Amino acid sequence: QVQLVESGGGLVQPGGSLRLSCKCSGIAFSLATMGWFRQAPGEQREYVAHIPFRTSANYADSVKGRFTISRDNTKNTVYLQMDSLKPEDTAVYYCNAVASTGLGPTNYWGQGTQVTVSS
């Protein structure tokens, strides 16, 4: 009964900014590792960033210095602030949660939100 709902995607000009949000329910959010992935047309889904509950945030080299991941455990929400956007950032962005179950860590995914960077 886990649900992750993304919002904040849209069309933006190169060099612009967007802030994605993902609200999570059905898991112990404060104990889960939260992250973002993206998938461009014709390409494999790729890692963007993640923020575990007890270690520091991590980023893919392609977005480091431009994107910032954060989480608010009181709101069960993870954010992705995207600055200095480039056309190659165009993709569907997916929220990801890794949480423990009786069978071990399990991945959960949101429905995705479209980000388009174009002039």
Side-chain angles (χ1 to χ4, degrees):
Q1 300 296 311
V2 176
Q3 187 173 16
L4 286 72
V5 180
E6 301 105 327
S7 62
L11 175 65
V12 65
Q13 299 292 308
S17 298
L18 284 174
R19 187 182 189 230
L20 306 182
S21 299
C22 173
K23 186 171 179 59
C24 183
S25 61
I27 63 172
F29 179 84
S30 63
L31 301 180
T33 294
M34 303 299 302
W36 291 93
F37 290 70
R38 67 187 183 186
Q39 187 168 15
E43 300 184 8
Q44 300 291 321
R45 185 173 298 186
E46 67 173 344
Y47 166 81
V48 175
H50 76 281
I51 181 168
F53 68 93
R54 60 181 180 181
T55 58
S56 60
N58 291 272
Y59 301 90
D61 289 342
S62 60
V63 307
K64 200 167 189 177
R66 300 188 298 120
F67 291 10
T68 303
I69 188 172
S70 62
R71 64 192 294 166
D72 186 342
N73 290 340
T74 69
K75 298 180 179 179
N76 289 1
T77 301
V78 63
Y79 305 93
L80 186 68
Q81 177 67 43
M82 304 184 294
D83 299 320
S84 301
L85 283 162
K86 306 174 181 179
E88 50 263 46
D89 295 319
T90 295
V92 177
Y93 283 71
Y94 296 92
C95 182
N96 168 256
V98 180
S100 295
T101 69
L103 299 177
T106 302
N107 272 285
Y108 302 94
W109 298 94
Q111 82 286 356
T113 185
Q114 177 70 47
V115 172
T116 302
V117 185
S118 176
S119 60

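Quick caveat: nothing in here was measured; it's all calculated off a predicted structure. All values below were derived from every heavy atom in this structure, side-chain atoms included, with hydrogens, water molecules and symmetry-related copies excluded.
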*Step by step, work out the side-chain contact (heavy atoms from CB on, under 4.5 Å) result for Tyr47 and Asn58.*
CA-CA 10 Å; Tyr47 166 81; Asn58 291 272; 3.4 Å; yes
*Student check: side-chain heavy atoms of Val98 and His50 closer than 4.5 Å*: no
_Test side-chain contact (heavy atoms from CB on, under 4.5 Å) applied to Trp109 and Cys95, step by step_ = CA-CA 6 Å; Trp109 298 94; Cys95 182; over 6 Å; no
*asked:* So for atom CD, which belongs to Gln44, do other residues, nucleotides or ligands contribute more than 12 heavy atoms lying within a distance under 6.0 Å?
replied: no
*Group every Ile, Leu, Val, Met, Phe, Trp and Tyr by side-chain heavy-atom contacts under 4.5 Å, then state whether Val78 and Val115 land in the same group.*
yes
*Side-chain heavy atoms under 4.5 angstrom apart, residues restricted to Ile, Leu, Val, Met, Phe, Trp, Tyr: same cluster for Leu80 and Tyr94?*
no
*Do Ile51 and Val63 belong together in a cluster built from hydrophobic side chains that touch within less than 4.5 Å?*
yes
Distance-only donor-acceptor pairs under 3.5 Å for side chains of residues 7-34, two or more places apart:
unit_1 : atom_1 : unit_2 : atom_2 : d
Gln13  : NE2    : Ser118 : O      : 3.2
Ser17  : OG     : Asp83  : OD1    : 2.8
Lys23  : NZ     : Lys75  : O      : 2.9

*Can you tell me if Asp61 uses its side chain to pair, donor with acceptor, with the backbone of Tyr59 under 3.5 Å?*
no
*Given the rule that I, L, V, M, F, W and Y join up when any side-chain heavy atoms are under 4.5 Å apart, are Ile69 and Met82 in one cluster?*
yes
*asked:* Would the distance check show the side chain of Thr90 and the main-chain N or O of Val117 forming a donor-acceptor pair, the cut-off being under 3.5 Å?
replied: yes
*Hey, does the side chain of Asn96 reach the backbone of Tyr108 with a donor-acceptor pair shorter than 3.5 angstrom?*
yes
*Determine the interplanar angle of the Tyr93 and Phe67 rings, folded into 0 to 90°, and report it as parallel if under 30°, tilted if 30 to 60°, perpendicular if over 60°.*
tilted
*asked:* List the residues meeting side chain to side chain donor-acceptor pair (under 3.5 Å) with Gln39, not counting sequence neighbours, and say none if there are none.
replied: none
_For the student: nearest non-hydrogen atoms of Thr116 and Gln114, plus distance_ = OG1-NE2, 3.3 Å
*Where do Glu6 and Gln111 land on the side-chain contact (heavy atoms from CB on, under 4.5 Å) test, with the steps shown first?*
CA-CA 7 Å; Glu6 301 105 327; Gln111 82 286 356; 2.5 Å; yes
*Can you name the closest pair of heavy atoms from Val2 and Leu4 and give their distance?*
CG1-CD1, 3.5 Å
